[in-house]
Every structure is written in structure tokens, then in C-alpha cells.
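Quick note: numbers below take in every heavy atom, side chains included, and nothing from hydrogens, waters or symmetry partners. If you're wondering where the values come from, they're calculated on a predicted model, not measured in any experiment.
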Amino acid sequence: MNREVLDKLKHEKESYRGWKQGQEAWEEYREIVRAARDEVRKAEALIELNLAKEVKGNRKSFCRYFSDKRKMRALSERKQKT
């Protein structure tokens with residue numbers, strides 16, 4: 001991910017800390033979180049689009065990316081159940 005997205009995530013973490021300490025309103029925090037999630041979603045979609053464009057010449061990397069993604073999803077679902 002690029003620097004801008006990482007800065008948004010950092011701002012989100014700082015905002016969470018401020019909200020928990022009572023320095024920031026819930027509505028402000030939610031707005032920051034929504035913006036950060038939107039940026040992350042767009043960045044991930046762009047990464048997948050670039051991978052899909054290059055799949056003909058780089059099939060092994062493409063398949064590895066999606067198998068890792070599937071493993072991470074299964075792992076997060078197991079954590080949520082416990």
C-alpha cells in the first residue's frame with residue numbers, strides 16, 4: 001500500500017486512542033474509520049486488478065496470492081468463533 005493509505009491507518013489508530021480517552025467524539029472517530037476503510041478497500045482492489053492484468057505471464061504468483069488470501073480468511077473466521 002502506498003504512503004497515503006498508511007498515513008490514514010495511522011490517523012485512525014490515533015483517533016481510536018483519542019476516542020477511548022474521551023478526547024474525541026464517537027461521530028468523528030467513525031467518520032475517520034470509514035474513510036480509512038474505504039481507502040484500504042480501494043488499494044486492495046487496485047492490487048488485485050494489477051495482479052489480474054499480469055496473470056498470463058505470472059500465474060504462479062497470482063495463484064499464491066489468492067491461496068494466501070483464502071488461508072487468512074479461514075484463520076480470521078476461526079478467531080471470531082472463539
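The side-chain hydrogen bond (donor to acceptor under 3.5 Å, both in side chains) test applied to E24 returns S15, not counting sequence neighbours. Looking at residues two or more places apart in sequence or on another chain, you find a side chain to side chain contact (heavy atoms under 4.5 Å, CB included) between E14 and K10, H11, R17. Partners of E4 under the side-chain hydrogen bond (donor to acceptor under 3.5 Å, both in side chains) rule, at least two apart in sequence or in another chain, do not exist in this structure. Considering only residues two or more places apart in sequence or on other chains, E48 meets the side-chain hydrogen bond (donor to acceptor under 3.5 Å, both in side chains) condition with K69. Take E27 and apply the side-chain hydrogen bond (donor to acceptor under 3.5 Å, both in side chains) test, not counting sequence neighbours, and it matches no residue.
How far CG of D7 is from CD of E12: 13.0 Å, rounded to the nearest 0.5 Å.
Classification of D38 and K42 as a salt-bridged pair holds, one side-chain N sitting under 4.0 Å from a carboxylate O.
I32 and Y16 fall into different hydrophobic clusters, where Ile, Leu, Val, Met, Phe, Trp and Tyr residues are linked whenever their side-chain heavy atoms come under 4.5 Å apart, directly or through other members.
Note on ring orientation: taking the six-membered ring where Trp is involved, the planes of Y29 and W19 are parallel (angle under 30°, cut-offs 30° and 60°).
Screening residues 31-50 for ring-ring contact (aromatic ring centres under 6.0 Å, His included) gives no qualifying pairs among residues at least two apart or on separate chains.
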